[in-house]
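In what follows, a structure is listed as structure tokens, so that the remarks can point back to it.
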Amino acid sequence: MKNLNLFLLPLFNLTIIFGGTALQSPSQFLGYELGDKFTFHHDAVDYFEHVSTVSKHVELITYGETYEGRPLIVSVITHPNNKESLESIRTNHLITSGLMEGEKMDNSLSIVWLSYSVHGNESSSMEAAIKTLHTFADTNNVEQLKWLEKVVLMIDPCINPDGRDRYANFHRMTGNLIPDVDATTREHREPWPGGRTNHYYHDLNRDWVWQSQQESQQRLKLYNQWLPHIHVDYHEQSYNDPYYFAPAVEPYHELITPWQREFQAIIGDNNAKYFDERQLLYFRNEDFDLLYPGYGDTYPTYKGAIGMTYEKAGSGAGGVAVITSDTDTLTLKERLNHHYWTGLATVEATYNNSEKVIKEFQDFYKKANSDPDGEYKNFIITASGNHKHRKQELFKMLDANGIEYFYPFSTGKIVNDAFHYQSNTNQSYTIEQDDIIIPSKQNCSVLAQTLFEPKTFLSDTMTYDITAWSLPYVFGLNAFAIKDEIKIGNPAKVVQQESTISFKEGQYGIIVEWGTVNSLKFLAEIMKQKVIVRVAEKPFSIEGHSFKPGALFISPRGNEHLGDKLYQIVQKALQIHNPFSVSTLSGKADSGKDLGSSYFRVVKPPRVGLMAGDGVSSGNFGEIWHYFEKQIGYPVSIFKSSDFKSIPFDKLDVLILPSGSYGFLKTEVAADEKLKKESKASSLIKKSPPSELIQWVNKGGRLVVIGSAMEKFVDQKGYGLVKYESEAAKKEAKKKNEKEKLGERVKKYGNKSRDKLIDNSYGSIVKIDMDKTHPLAFGYDDQYFALRLEKTLYPLLSKGWNVGILKDSESHIAGFMGNRIKKKIKNNLMFGVYEARNGRIIYIADNPLFRSFWYNGKLLFGNAVFIVGK
Ligand SMILES: [Zn+2]
């Protein structure tokens, strides 16, 4: 409730302040017309609270809060005559769908869930949510009241409040009183990082299934308790593209049912009716497909709903008014109204088909539990060859999505023709006792299959996103996909064992295995508290246990500065993160090097720097920021790109350069006479990057360069990175490129987007050959499965260590990869370490922290930060 500005409020507002119960319109409540300016999130929350306070048929659920502390809310609207509680509506829906035991009620309602502003700068939609709520709350609207007889409406006004307010603040700060419609002016140009993403610059519309972000975790908990029949995710696209709504375009995931396809079109037709009546432009069947499971349309679809994306012209550059390519002025008011119309049309279409909507949803789950479609009947995570911590992380993710997993009913069954993920071949497999089975026959059949199927079927290779995410590769697990039925036993359980190892005075030291994120978190925790650690460069065994390279040895020696605190710090970290460890009373190894050997290299807690700002990919920056703050809990110093010159290099041990264009690293210097002649055009030559950087590396700094940031270091003196192995190779590539370009001239205009695909490998899975004897690969096996994201291929480092190699076209495992780029793969650098004078440059050609979901890449990044050294 707003109690401020009492004297400025019109008289009729006083009824509310003094305990009145009248429903206010948005403009009465906010003091301005929707569309005049961007509403702050806290004002929207106040309005939603007001509506639920004065309207008996509107209930507000607060389901969480953002990283910056803003509340996350959903309003649920039912018919005023409805006698049932929300809880009984919800449980009845689950009971009738076979998802819960219990007694059915006579009357079933269909549930429509509308989600707004997942992308914070696509900001008309939260304004539309406010208007939509008011319309359904106002009982004078007989038409909407009638729809509520059959439909329960849930409105989440803003999935991403932190990003939304980042945008609203920007526009309130910079918008002219008389809006400037010219899109090149300041009020249309958001500063880095823009308002699209959340606090950690993650795209929440890529995160539904992974739930790497707090907002997704909290929302999905509520979503999966309700499982609505219809879900709409509201967006905005370029301000020149009028309006997109369902049906989506191919490729659709092959398990999407005929009804899910059909009803999208029915809703689309109703949306079109509203737009036709008003002579508004729109398009369907374009751009937006239904495949990658991280979206607000696909995820609900895989959970049985009709999941859809609606896109209005606008987004960050839209401001409150902008001139479009057809020289019309597009206003915020218009944008929010169009989203409002599709909201009404969607509820109406659901009302008109409510019985069928409910029946089809029930059938979806009936089929899931009796006779699901799909090539594979079961997926097996094998008992042997898998670290329990990796399995636990997988199970956590399955739990968060409601996917069930079981032990086998009996052992010894031989399964023929089982697909083995790691070798990419079919083999026979014998079921073992502690295998974990994820059956396709279960409530979450479609989602489970979508996540585990080795290769996603693409009905069309023109897709909007990555095309591979099969979980055994994501988690680095030994696994099989099986076409046979297997009898399943009891549900499998994750047993979290507490560490029983104690580290106390008088002991020689403690050894901790390396190889999972648990050990990485343990290391980060003790290093944060200034513990000095030794890392084994060679395998060894002690106290009857064998350890691989990378094992940590913590000794009182070198940690005298901590006194007795050392034991408490290590003990506590062991309890929290529970890596496998043994304590020892002696430095004598049973085999391999003794603990005092120089093969146990001392590693000290690094001070880590990270670049942010213009020229740096905000997404990749955000993933790394989130990694340090939320995943491993280690401090990181963030520097703005505009302050590059004032970075205190002498105080840094590690500097991380996320992907980016790095224009700020360019320096121009006067060319000498010879160079002037060569370059002819200019007396200035571009020299990059500044010398401070290489001087710091040579003195002992560790530079971590990721993805496209590598391009800035190609052919630069002292960095050891080239794009072509030799001058001859460079010439040959140039010739080839010219030939290809000539070929392109005879291409058809109509195929122009499709033709680009031959060079595309965005989001496929590749096999990387690892040198596991190098510290960058400690904890890994001979092979690592990575997500391929970048186009550029680099040759191997001629001076330094090529730790991860992309060997040839056979390295492509899953997902779409263009023909031309596939043919070009030949011993390319994926991960490498260049040895500068005293420092190291670590090249990571593809981002292992992409969207924070590739579990198996997290350790590699930790190795780069903490373990690689001299
Ligand atoms: Zn969007």
Side-chain angles (χ1 to χ4, degrees), residues 606 608-611 615-617 620-621 623-624 627 652-662 665 688-689 693-694 696-698 700-725 729 761 766-778 780 784 786-807 811 824-850 854 857-870:
V608 181
L610 171 62
M611 290 311 300
V616 177
S617 148
N620 192 202
F621 163 80
E623 286 148 5
I624 299 166
Y627 177 83
L652 284 186
D653 302 294
V654 176
L655 179 63
I656 301 168
L657 307 183
S659 287
S661 56
Y662 286 85
L665 282 187
S688 126
L693 192 58
I694 194 66
W696 167 74
V697 171
N698 281 331
R702 206 145 76 229
L703 183 67
V704 182
V705 188
I706 304 166
S708 57
M710 282 169 65
E711 294 192 18
K712 271 285 158 304
F713 298 92
V714 167
D715 295 334
Q716 299 298 320
K717 202 176 158 211
Y719 290 91
L721 187 69
V722 294
K723 207 160 185 172
Y724 301 103
E725 266 163 295
S761 64
V766 289
K767 183 178 74 189
I768 306 297
D769 288 38
M770 301 287 268
D771 172 7
K772 63 182 181 189
T773 66
H774 191 282
L776 184 58
F778 279 176
Y780 286 87
Y784 162 76
L787 203 55
R788 178 82 189 145
L789 299 155
E790 303 284 342
K791 270 187 199 170
T792 313
L793 292 165
Y794 295 91
L796 301 181
L797 299 173
S798 61
K799 233 181 94 186
W801 302 101
N802 294 290
V803 183
I805 297 172
L806 192 53
K807 222 169 177 181
S811 308
K824 282 183 184 166
I825 298 175
K826 203 174 178 213
N827 286 328
N828 295 108
L829 171 70
M830 189 72 167
F831 314 123
V833 179
Y834 174 72
E835 298 195 344
R837 207 168 300 150
N838 284 307
R840 299 286 179 266
I841 303 173
I842 299 151
Y843 292 114
I844 299 179
D846 265 311
N847 169 20
L849 304 180
F850 183 71
W854 203 266
K858 295 176 198 269
L859 187 71
L860 185 111
F861 198 76
N863 283 340
V865 172
F866 296 108
I867 305 291
V868 171
K870 202 187 167 188

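Excluded from the calculations below are hydrogen atoms, water molecules and symmetry mates; all remaining heavy atoms, backbone and side chain alike, are included. Note that this is a predicted model, so its numbers are computed, not measured.
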Under a 4.5 Å cut-off applied to non-hydrogen side-chain atoms, are [X] and [Y] in contact?
X    : Y    : value
V705 : I841 : yes
Q716 : P689 : yes
L703 : L657 : yes
D846 : L787 : no
L655 : L693 : yes
P658 : L610 : yes
K712 : V714 : no

Is it true that a side-chain atom of N620 and a backbone atom of S659 form a donor plus acceptor pair closer than 3.5 Å?
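Checking the backbone N and O of S659 against the side chain of N620, a donor-acceptor pair under 3.5 Å is found.
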Check whether Y662 reaches the backbone of S708 with its side chain - one donor and one acceptor, N or O, closer than 3.5 Å.
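Not at all, since once roles are kept as given, no pair shorter than 3.5 Å links the two residues.
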Can you name the nearest heavy-atom pair linking [X] to [Y], along with the distance?
X    : Y    : result
S811 : L806 : CB-CD1, 3.8 Å
N847 : E623 : ND2-OE1, 2.7 Å
M710 : L721 : O-CD2, 3.4 Å
V803 : A777 : CG1-CB, 3.6 Å
Y784 : P848 : OH-CB, 4.2 Å

Using salt bridge (charged side-chain N to carboxylate O under 4.0 Å, His left out) as the criterion, list what pairs up with D653, not counting sequence neighbours.
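Not a single residue meets the salt bridge (charged side-chain N to carboxylate O under 4.0 Å, His left out) criterion with D653.
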Using 0.5 Å steps for rounding, measure from the CD1 atom of I706 to the CZ atom of F850.
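Result: 13.5 Å between the selected atoms.
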Could you give the distance from CZ (F778) to CG (L859), rounded to the nearest 0.5 Å?
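With rounding to 0.5 Å, CZ (F778) is 11.0 Å from CG (L859).
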My understanding is that only residues two or more places apart in sequence, or in another chain, count here; which of them pass ring-ring contact (aromatic ring centres under 6.0 Å, His included) with Y719?
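Per chain and number, Y719 pairs via ring-ring contact (aromatic ring centres under 6.0 Å, His included) with F713.
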Set of side-chain contact (heavy atoms from CB on, under 4.5 Å) partners for V654, sequence neighbours left out
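Listed in chain order: P606, V608, I656, R702, V704.
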Can Y843 and L797 be said to form a side chain to side chain contact (heavy atoms under 4.5 Å, CB included), step by step?
CA-CA 10 Å; Y843 292 114; L797 299 173; 4.2 Å; yes
Residues which pass side-chain hydrogen bond (donor to acceptor under 3.5 Å, both in side chains) with [X], listed by chain and number, not counting sequence neighbours:
X    : result
T792 : E711
K807 : none
D771 : T773
K858 : Q631

Verdict with supporting geometry, N698 and N838, side chain to side chain contact (heavy atoms under 4.5 Å, CB included)
CA-CA 5 Å; N698 281 331; N838 284 307; over 6 Å; no
Kindly list each side-chain donor-acceptor pair under 3.5 angstrom involving residues 826-837, sequence neighbours excluded, with atom names and distances?
| residue | atom | partner | partner atom | Å |
| --- | --- | --- | --- | --- |
| N828 | OD1 | K826 | N | 2.8 |
| N828 | ND2 | Y794 | O | 3.2 |
| E835 | OE2 | W801 | NE1 | 2.7 |

Checking side chain to side chain contact (heavy atoms under 4.5 Å, CB included) for the pair L776/M770: CA distance, chi angles, key distance, verdict?
CA-CA 9 Å; L776 184 58; M770 301 287 268; over 6 Å; no
